[in-house]
Amino acid sequence: MRGSADGVAGDRTGTSNGGTAVDKDVDFANYFCTYAFLFHQKEMLSDRVRMDAYFNAVFENKHHFVGKTVLDVGTGSGILAIWAGQAGARKVYAVEATKMSEHARELVKANNLQDVVEVIEGSIEDITLPEKVDVIISEWMGYFLLRESMFDSVICARDRWLKPTGVMYPSHARMWLAPIRSGLGDQKKGDYEGAMDDWICFLGETKTYYGVDMSVLTKPYSEEQKKYYLQTSLWNNLHPKQVLGRPAIVKEIDCSTATVDDILNIRTSVSSSITAEQTRLCGFGGWFDVHFRGSKENPAQHEIELTTAPSEDYCTHWGQQVFLLHPSVPVSEGDYLTLDFSMNRSKENHRLMEVELSCEIKNSSGKMLPPFRKMFYIE
Ligand SMILES: C[S@@+](CC[C@H](N)C(=O)[O-])C[C@H]1O[C@@H](n2cnc3c(N)ncnc32)[C@H](O)[C@@H]1O
């Protein structure tokens with residue numbers, strides 16, 4: 001699991017959320033704190049797809065590192081900074097907001113790189129470097145790419161510290177969405193109904209034993225439970241056979257030029273057609289990929305891709321985010337889906353996301369099914 005991010009904004013402001021002030025202390029308590037545990041770092045370090053991609057990106061493109069200056073944004077355990085040093089960097093600045101920096105410093109020393117890698121404890125937004133760098137490397141991706149909003153920090157680092165000729169690692173990112181089938185919808189519906197049955201028993205007992213009628217709270221309780229069970233996207237490791245139609249790209253990011261404004265509100269219309277025989281459309285699966293291509297002037301010798309798409313052979317700790325429909329919709333091969341997708345940050349916590357999906361389906365005989373619109377929360 002990535003770090004949790006479930007705080008609310010308060011009054012001590014610091015980092016910015018595309019213009020909106022963010023409470024630094026609350027952000028630290030709710031977001032950064034999890035990254036201070038080796039347990040969480042180990043989870044990321046054990047993700048072979050992630051590790052292989054970054055390892056190959058660095059060691060198959062040593063020309064970007066030999067004799068160069070590198071900034072690792074959010075170094076965590078220090079792994080990416082250490083690889084940059086091993087690949088021949090002259091100097092690596094490894095910046096980490098949490099006390100994990102102390103473990104990173106130890107690790108750097110234990111791997112004999114203390115003369116090359118300098119670990120700096122602090123937020124990238126607050127620290128000062130003595131020089132501009134040739135490469136910025138960072139593993140900033142959250143669920144469905146943008147949860148956690150850590151890319152804001154990478155943009156800040158790039159605009160302050162990357163040389164005009166510098167290279168971003170990774171250089172590009174994409175978000176994908178595809179229609180899926182899944183048994184999770186029925187399971188979650190059952191969980192919601194169970195929670196409401198339990199509430200009815202609770203109402204009876206509270207009235208009988210304690211003399212208070214709480215039924216006025218039934219509606220807000222039901223809304224709360226609905227949001228939790230039916231509207232919150234789920235982490236899932238989808239099998240490719242669960243994907244019912246052509247995946248669509250909902251966002252492409254050039255990490256060398258993107259601004260925070262470009263990623264604050266993602267809005268797009270995409271289409272997909274059902275490729276499976278008679279089945280049920282149970283929802284949509286979202287995932288991302290990133291690429292290491294270097295820059296136009298200084299391209300990678302070997303381009304590397306890190307994908308979190310559904311796969312038979314491997315899975316990542318990011319998995320996919322699943323947005324479930326209640327009820328599911330019968331569909332068949334050739335049905336044509338038009339989707340309006342939008343994703344915004346939660347007003348209460350800029351590291352969480354809200355997704356709105358509107359869908360129209362034209363079936364293969366040309367008949368339009370009733371359109372639907374759903375809100376989801378990526379918590
Ligand atoms: C996803 S982890 C990646 C850790 C390590 N680079 C790796 O690849 O294993 C992101 C790290 O960035 C740190 N981080 C996030 N935002 C930061 C910021 N604004 N300044 C400094 N560190 C930050 C977190 O504390 C966390 O350790």
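Counting starts at 1 for both ligands and their atoms, in listed order. When a residue number appears, it is its place in the shown sequence, counting from 1.
Contact annotation for A97 and ligand 1: heavy atoms of both the backbone and the side chain come within less than 4.0 Å of the ligand.
For the pair M44 and ligand 1, a heavy-atom separation below 4.0 Å is found. Ligand 1 is approached by Q41 to a heavy-atom distance shorter than 4.0 Å. Remark: distances from the non-hydrogen atoms of M141 to ligand 1 are all 4.0 Å or more. The shortest heavy-atom distance from G122 to ligand 1 is under 4.0 Å.
Other residues, nucleotides and ligands place no more than 12 heavy atoms under 6.0 Å from the CD atom of Q278. Counted within 6.0 Å of CZ on R160, heavy atoms from surrounding residues, nucleotides or ligands total more than 12; the atom is thus considered enclosed.
Atom-to-atom distance recorded for M168:CE and H291:NE2 is 16.0 Å, nearest 0.5 angstrom. Atom CZ in F376 sits 8.0 Å away from atom CZ in F284 (nearest 0.5 Å).
Distances from atom 9 (O) of ligand 1 to the heavy atoms of K42, R50, E148 show the closest one on R50. The option from C33, G74, G76 that lies nearest to atom 6 (N) of ligand 1, judged by heavy atoms, is G74.
The aromatic rings of W176 and W287 sit parallel, their planes meeting at an angle under 30°, below the 60° perpendicular limit.
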